[in-house]
Amino acid sequence: MRFLLLFIFLANVTFSKSLVHIQPPKISKAKIQEYLNIINSIRSRSQDCGQFGIKPPAPPVRWNYNLYKAAYEHSRDMAMNDFLEHYGSGTKYDLTGKIYGASDHFLRAKANGYKHNNYIGENILYGNYHFTPRLVMKLFIQHDEHCPNMMNRRFKDVGVAYYYNPQTGNEYWTVLFGVHHVKRYKY
C-alpha cells in the first residue's frame, strides 16, 4: 500500500509540468494545408522586414499539433480576458500559468508537448472583424516586428490558432513558430 501511494505521489509530481490542458477544436487537413500554403508561399520569397532589412527566402515549415494547442490556449486566454500580450493573463484561462506560475510562448509550447525547444517565435493579432488567414499573414509580413518571425530560416514547425469572443466581438490570433533541438550524442 505504501509503495502504491508513493508511486501515485511521484507520478503526480513527475507529470504535472507537462500536463495537457485543453483540447482545441479539431482542425481539418484542408485548413492546415491552407495555413501552410499561405505561410510557405510568403517564406518562399525575399521579404522587406522594414527596420530589420530584407530577409532572404526561408525553407518551408511544417504543421505541429503541439504548437497549435499552445497557440489555441493563448488565443483563448487573450480573447476571454480581452488583452493582447505575449504573457498569459494569470487568470483561469492562463492554463500554463497554473502549472508554472507564469506563462509565455516558451512555457506554453513546453506545457502543450513541444519539448526540447529553446527557440520559439510568436506573432499575435486581434481585431473586431473576421480575419481571413491570408489577411492575418499579410498583416504579419507587413509589420516590422512580426516579419522576422515569418522569415526566420531556423524555424521548422508552425501552429496557428484563433479564438473569437462573441461578447467583445474580437478575434485573437496566435502563430507559433519553433524548432526542436534534440541532443544527439556521439559515441
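- Proximity of Val136 to Leu139: side-chain heavy atoms (C-beta onward) are nowhere separated by under 4.5 Å.
- For the atom pair Asn81 CG and Thr91 OG1, the distance stands at 3.5 Å (nearest 0.5 Å).
- At least one side-chain heavy atom of Lys92 sits under 4.5 Å from a side-chain heavy atom of Lys98.
- Leu84 CG to His86 NE2: the interatomic distance, rounded to the nearest 0.5 Å, is 7.0 Å.
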Query raised in the report: Can Tyr172 and Asp77 be said to form a side-chain hydrogen bond (donor to acceptor under 3.5 Å, both in side chains), step by step?
Result: CA-CA 9 Å; Tyr172 289 79; Asp77 181 23; over 6 Å; no
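- The shortest heavy-atom contact between Phe140 and His146 is O-CB, 3.4 Å.
- Environment of OH in Tyr35: crowded, with over 12 heavy atoms of neighbouring residues, nucleotides or ligands closer than 6.0 Å.
- The shortest heavy-atom contact between Met137 and Val175 is CE-CG2, 3.8 Å.
- The closest side-chain donor-acceptor pair between Asp94 and Ser103 falls under 3.5 angstrom.
- Side-chain heavy atoms closer than 4.5 Å link hydrophobic residues (I, L, V, M, F, W, Y) into clusters, and following such links, even through other members, never connects Phe177 to Tyr87.
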Listing, residues 48-58 side-chain donor-acceptor contacts under 3.5 Å, not counting sequence neighbours, or none:
{"unit_1": "Asp48", "atom_1": "OD1", "unit_2": "Gly50", "atom_2": "N", "d": "2.9"}
{"unit_1": "Gln51", "atom_1": "NE2", "unit_2": "Glu145", "atom_2": "OE2", "d": "2.9"}
{"unit_1": "Lys55", "atom_1": "NZ", "unit_2": "Phe52", "atom_2": "O", "d": "3.4"}

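- Residues Leu176 and Ile120 have side chains in contact (heavy-atom distance under 4.5 Å, counting atoms from C-beta outward).
- Residues Thr174 and Glu122 are in side-chain contact: their nearest non-hydrogen atoms beyond the backbone lie under 4.5 Å apart.
- Residues Met80 and Tyr163 share a closest heavy-atom pair of SD-CE2, 3.7 Å.
- Using cut-offs of 30° and 60° for the angle between ring planes, the Phe131 and Trp173 rings count as perpendicular.
- In the displayed structure, Phe106 atom CZ is contacted under 6.0 Å by more than 12 heavy atoms of other residues, nucleotides or ligands.
- Figure legend: cation-pi geometry between Lys110 and Tyr114 absent, as NZ or CZ is not positioned both under 6.0 Å from the six-membered ring centre and within 45° of its axis.
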Report task. Verify side chain to side chain contact (heavy atoms under 4.5 Å, CB included) between Val179 and Asp157, making sure each step is shown before the conclusion. Result -> CA-CA 6 Å; Val179 59; Asp157 302 318; 5.6 Å; no
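- No hydrogens or angles considered: a donor-acceptor pair under 3.5 Å links the side chains of Asn112 and Glu73.
- The two residues Leu67 and Gly178 come nearest to each other via the heavy atoms CD1-N, 3.9 Å.
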Report task. May I have the step-by-step check of side chain to side chain contact (heavy atoms under 4.5 Å, CB included) for Ile38 and Lys138, ending in yes or no? Result -> CA-CA 9 Å; Ile38 295 166; Lys138 181 180 177 183; over 6 Å; no
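- Ile39 has its side chain within reach of Val61: a pair of non-hydrogen atoms, C-beta onward, lies under 4.5 Å apart.
- Ring geometry, Tyr68 versus Trp63: the interplanar angle falls from 30° to 60°, so the pair is classed tilted.
- The closest side-chain donor-acceptor pair between Asn170 and Asp82 falls under 3.5 angstrom.
- With Tyr93 as the aromatic partner, Arg76 does not meet the cation-pi criteria of under 6.0 angstrom to the ring centre and within 45 degrees of the ring axis.
- Lys31 is not listed as a side-chain neighbour of Val160, based on a closest heavy-atom distance of 4.5 Å or more.
- Lys156 is listed as a side-chain neighbour of Arg62, based on a closest heavy-atom distance under 4.5 Å.
- Inspection of the Asn123 and Asn149 side chains reveals an N or O donor paired with an N or O acceptor under 3.5 Å.
- Across Cys147 and Gln47, no two heavy atoms sit closer than the pair SG-CB, 4.3 Å.
- Within a 6.0 Å radius of OH in Tyr126, no more than 12 heavy atoms belonging to other residues, nucleotides or ligands are found.
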Requested in this report: Might you work through the side chain to side chain contact (heavy atoms under 4.5 Å, CB included) test for Asn152 and Tyr119, ending with a clear yes or no?
Outcome: CA-CA 11 Å; Asn152 192 318; Tyr119 199 66; 2.7 Å; yes
**Report entry** Test side chain to side chain contact (heavy atoms under 4.5 Å, CB included) applied to Gln23 and Lys69, step by step
**Finding:** CA-CA 7 Å; Gln23 283 294 52; Lys69 289 191 306 184; 4.1 Å; yes
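- The line from CZ of Arg43 to CE of Met151 is 6.5 Å long, rounded to the nearest 0.5 Å.
- The hydrophobic clustering, which links ILVMFWY residues whose side-chain heavy atoms are closer than 4.5 Å, places Tyr72 and Ile124 apart.
- Side-chain contact check for Met78 versus Glu85: every heavy-atom pair is 4.5 Å or farther apart.
- Among residues two or more places apart in sequence or in another chain, the ring pair (Phe, Tyr, Trp, His ring centres under 6.0 Å) test is passed with Phe83 by none.
- Here the shortest heavy-atom pairing between Phe155 and Gly121 reads CZ-N, 3.4 Å.
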